[in-house]
Amino acid sequence: LFTFGSSDDLEFIRSGSAEDVNTDTSISEYFNRIVAQDRWNLGDELELHSSVSLGYTAFTSSERSDDTGTDNELDAPLYELDWREELRWAPLDDLAIRVGLDHKFLMARLRSRLPADDDLRIYPAVVVDDRDTQELARNPREATQGYWGEVQWSPLPGLTLIPGLRVDRFNFEDAEALVFLPRLAARWEVFSGTTLKGFYGRFARLPDPQFLLEAPFGQPRLGPERSTQIVAGVEQRIGDEFFIDVQAYTIDRDELRQPSDEVDFVDGQAVARIFDNGGEGETRGLDLLVRKEASTDSLWYGWVAYTLSRTTRRDTFGRSSSGAQGVVDDDRELDGVLDQSATVSEYRSFFDQPHILTVVAQFRLPRNWELGARFRLVSGNPFTPLNRNESYLDTDFGSYLADTNGVEFNSGRVSTFHQLDLRLDRTWVFDRWTLTAYLEVINAYNRSNVETVDYDFRFREQAGASFLPILPVLGVRGAF
């Protein structure tokens, strides 16, 4: 039985010259978990693992700007119950069967004031005005029931095959789905310390809860988003301390949530569909990991990880009577942008980061002191450079629209992200518990990493928005 929790508050204030959009954004998150685990030996060949977790999360955020008239708030306390059972039966030395259940139950109390537009507007495009907010009060519930089984079989020395099947039933308000997900993993130690490995699997998940609410916020009848993942790689151990892992992978996604300008008629009333499951995407990548293992007599340990990948999306939008359609941003909100095509061809995903380098090292010092460092170097996030073309004033709504003819969607990329984090620990060991005090410095050299790009009201000038500056954190941790 153990419990853990955290409480974090962040306030971001941006102000400057007349060219800047002054904003005040605050985020607060608190969570606590209590976990009970146990294991029962039911015989020489039978073993049962049980785990039950209760959790509470409180998340609040607000965004205000006198320059844009923005006044948004979100309050979302969440109660969560996780229940997992695993039964393992090993009738033979080279054969083991594992079955289990994996259930999750959520209950939230959602209160928000966010931009939304429930008017059906055909021309020139659906536009969400940040000043046009709506109050939302909902108590959504979610239940995910998972049942799984797998067989671990070693037909030859050094070769292990693991076929399996998972069945998930999703329930979130009006959204229901039953999915069958086959999987297969294989490992073959061809030489001492050299292992080939491969994996195939189907995965599914419901879209995030905010997209399953009724119009104008979401679409309650959205189905699960699915993916097929294939991995092939090799692991190599060098002595007792070093480990190298290289793997290539591909992920094909289908039935992804995408924006829709279609209309459903409910009780004779036209209701905007907002989203449907017509999106697709794919990722191709290569991972490299070099790790120095920790041991009782080593003075340091750590790893270097590098990922080379490309992630793309394909969304198909219906054409309105005017031939205009809004282009969406990362939160899938329409951004007041004109696009003269009904189908968006393949484009960079918002999560496309071709290069990710992580270097981590931990040094053991005398008298239970430890010094750690982490350095990250990551390609910047994609964005659509809306200032590359003309903009037009929409007199009906009093706002400008950017003409994206000739501007490739997500063709821009913000500057490369890099950051160094440092941490110093001191641990005191007692008879029944340990106490650790630590000082952590996040973004030690105060790098101004651009996270998003803002535009002036006419989409002619752009400026990068940076968030987290250097941040020292002092804390203590007790383990019983």
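All values below were derived from every heavy atom in this structure, side-chain atoms included, with hydrogens, water molecules and symmetry-related copies excluded.
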Using 0.5 Å steps for rounding, measure from the CG atom of Asp245 to the CD atom of Gln236. 11.0 Å
Atom of Glu142, atom of Pro209 and distance for their closest heavy-atom approach: OE1-CG, 4.4 Å
Assess whether a salt bridge exists between Arg423 and Asp425, defined as any Lys/Arg side-chain N lying under 4.0 Å from an Asp/Glu carboxylate O. yes
Taking the six-membered ring for Trp, are Phe105 and His103 parallel (under 30°), tilted (30 to 60°) or perpendicular (over 60°)? perpendicular
Is there a donor-acceptor contact under 3.5 Å from the side chain of Ser227 to the main chain of Arg253? no
Beyond-backbone contact of Asp252 with Arg284, side-chain heavy atoms, under 4.5 angstrom: yes
As a quick check of understanding, evaluate side-chain contact (heavy atoms from CB on, under 4.5 Å) for Arg257 and Glu225, giving each step before the final call. CA-CA 7 Å; Arg257 173 186 53 83; Glu225 301 176 327; 3.2 Å; yes
How about CZ on Phe191, more than 12 heavy atoms from neighbouring residues, nucleotides or ligands closer than 6.0 Å, or not? no
Residues Gly223 and Asn277: closest non-hydrogen pair is N-OD1, 2.8 Å
Looking only at heavy atoms, the pair that brings Glu85 and Trp148 closest together is O-CZ2, 4.3 Å
With Trp303, which of Glu293, Arg291, Lys292 fulfils side-chain contact (heavy atoms from CB on, under 4.5 Å)? Arg291
Got a salt bridge between Asp102 and Arg84, using NZ or NE/NH1/NH2 to carboxylate O under 4.0 Å? yes
Point-to-point distance, once rounded to the nearest 0.5 Å, from CG of Leu178 to CG of Asn171: 9.5 Å
Check the pair Asp8, Tyr30 against side chain to side chain donor-acceptor pair (under 3.5 Å), reporting the backbone distance first and the verdict last. CA-CA 6 Å; Asp8 297 283; Tyr30 166 83; over 6 Å; no
Should the pair Glu86-Arg98 be classified as a salt bridge under the 4.0 Å nitrogen-to-oxygen rule? yes
Do Phe417 and His355 have ring centres separated by under 6.0 Å? no
Donor-acceptor pair, Ser298 side chain versus Ser295 backbone, under 3.5 Å? yes
Just by distance, do the side chain of Asp421 and the backbone of Arg374 share a donor-acceptor pair under 3.5 Å? no
Are there over 12 heavy-atom neighbours, none belonging to Asp93, within less than 6.0 Å of that residue's CG? no
Give a yes or no on whether a salt bridge exists between Arg313 and Asp352, defined as a side-chain N under 4.0 angstrom from a carboxylate O. no
May I ask you to decide whether Asp168 forms a salt bridge with Arg202, counting only side-chain N to carboxylate O separations under 4.0 Å? no
Are the side chains of Leu371 and Leu365 in contact, using a 4.5 Å heavy-atom criterion? yes
Answer yes or no: is there a side-chain heavy-atom contact under 4.5 Å between Arg426 and Thr436? no
Assess the side chains of Asp276 and Gln258: does a donor N or O sit below 3.5 Å from an acceptor N or O? yes
Would one find more than 12 heavy atoms of other residues, nucleotides or ligands at under 6.0 Å from atom CG of Asp38? yes
NZ/NE/NH1/NH2 to OD/OE distance under 4.0 Å, Glu262 and Arg273: no
Should Asn139 and Leu110 count as side-chain neighbours, where that means a heavy-atom distance under 4.5 Å? no
Take a 6.0 Å sphere around CH2 of Trp89 and say whether it holds more than 12 heavy atoms from other residues, nucleotides or ligands. no
Please give me the minimum heavy-atom distance between Leu212 and Pro207, naming the atom from each residue. CD1-O, 3.7 Å
Decide whether a cation-pi geometry holds between Arg183 and Phe203; the criteria are a distance under 6.0 Å from NZ or CZ to the six-membered ring centre and an angle within 45° of the ring axis. yes
For the OH atom on Tyr79, are there more than 12 heavy atoms of other groups (residues, nucleotides or ligands in this structure) within a distance under 6.0 Å? no
Before accepting this row, confirm whether a basic side-chain N of the pair Glu346/Arg314 lies closer than 4.0 Å to the acidic partner's carboxylate O. yes
Could you measure the distance from the CZ atom of Phe2 to the CD1 atom of Ile34? Nearest 0.5 Å is fine. 10.0 Å
Which atoms form the tightest heavy-atom contact between Tyr249 and Val231, and what is the distance? CB-CG2, 3.9 Å
Min side-chain heavy-atom separation Val179-Arg226 under 4.5 Å: yes
Under a 4.0 Å N-O cut-off, is there an ion pair linking Glu189 with Arg187? no
Got a donor-acceptor contact below 3.5 angstrom from the Thr3 side chain to the Arg33 backbone? yes
Would you call Phe31 and Ser6 a side-chain contact if the rule is heavy atoms closer than 4.5 Å? yes
Quick one: CG on Leu377 to CD1 on Ile356, what's the gap to the nearest 0.5 Å? 10.0 Å
Verify side-chain contact (heavy atoms from CB on, under 4.5 Å) between Val304 and Leu357, making sure each step is shown before the conclusion. CA-CA 8 Å; Val304 178; Leu357 174 66; 4.1 Å; yes
Under the criterion side-chain contact (heavy atoms from CB on, under 4.5 Å), I'd like the reasoning laid out for Gln353 against Ser309: C-alpha separation, chi angles, the key distance, then a yes or no. CA-CA 7 Å; Gln353 295 175 319; Ser309 67; 5.7 Å; no
Here the gap from Thr311 atom OG1 to Phe350 atom CZ, rounded to the nearest 0.5 Å, amounts to 13.0 Å
Could you give me the CA-CA distance, side-chain angles and deciding distance for Thr434 and Thr427, then say whether side chain to side chain donor-acceptor pair (under 3.5 Å) is met? CA-CA 7 Å; Thr434 62; Thr427 300; over 6 Å; no
Side chains of Thr312 and Ser349: is there a donor and an acceptor less than 3.5 Å apart? no
Should Leu184 and Ile162 count as side-chain neighbours, where that means a heavy-atom distance under 4.5 Å? no
With a 4.0 Å cut-off on N to O distance, would you call Glu408 and Arg348 a salt bridge? no
Whether Glu235 side chain and Leu196 backbone form a donor-acceptor pair below 3.5 Å: no
Step by step, work out the side-chain contact (heavy atoms from CB on, under 4.5 Å) result for Gln419 and Asn449. CA-CA 8 Å; Gln419 179 175 304; Asn449 288 301; 4.1 Å; yes
To the nearest 0.5 Å, what is the distance between CG (Asp9) and OG1 (Thr60)? 7.5 Å
Under a 4.5 Å cut-off applied to non-hydrogen side-chain atoms, are Pro155 and Leu161 in contact? yes
Taking every non-hydrogen atom, the tightest pair across Gln37 and Ser51: CG-OG, 3.7 Å
Could I get the full list of side chain to side chain donor-acceptor pair (under 3.5 Å) partners for Glu176, not counting sequence neighbours? none
So does Arg138 get a backbone contact from the side chain of Arg111, meaning a donor-acceptor N/O pair under 3.5 Å? yes
Distance under 6.0 Å and angle within 45° of the ring axis: does Arg237 meet both against Phe242? no
Near Asn41 CG, under 6.0 Å, is it more than 12 heavy atoms from other residues, nucleotides or ligands? yes
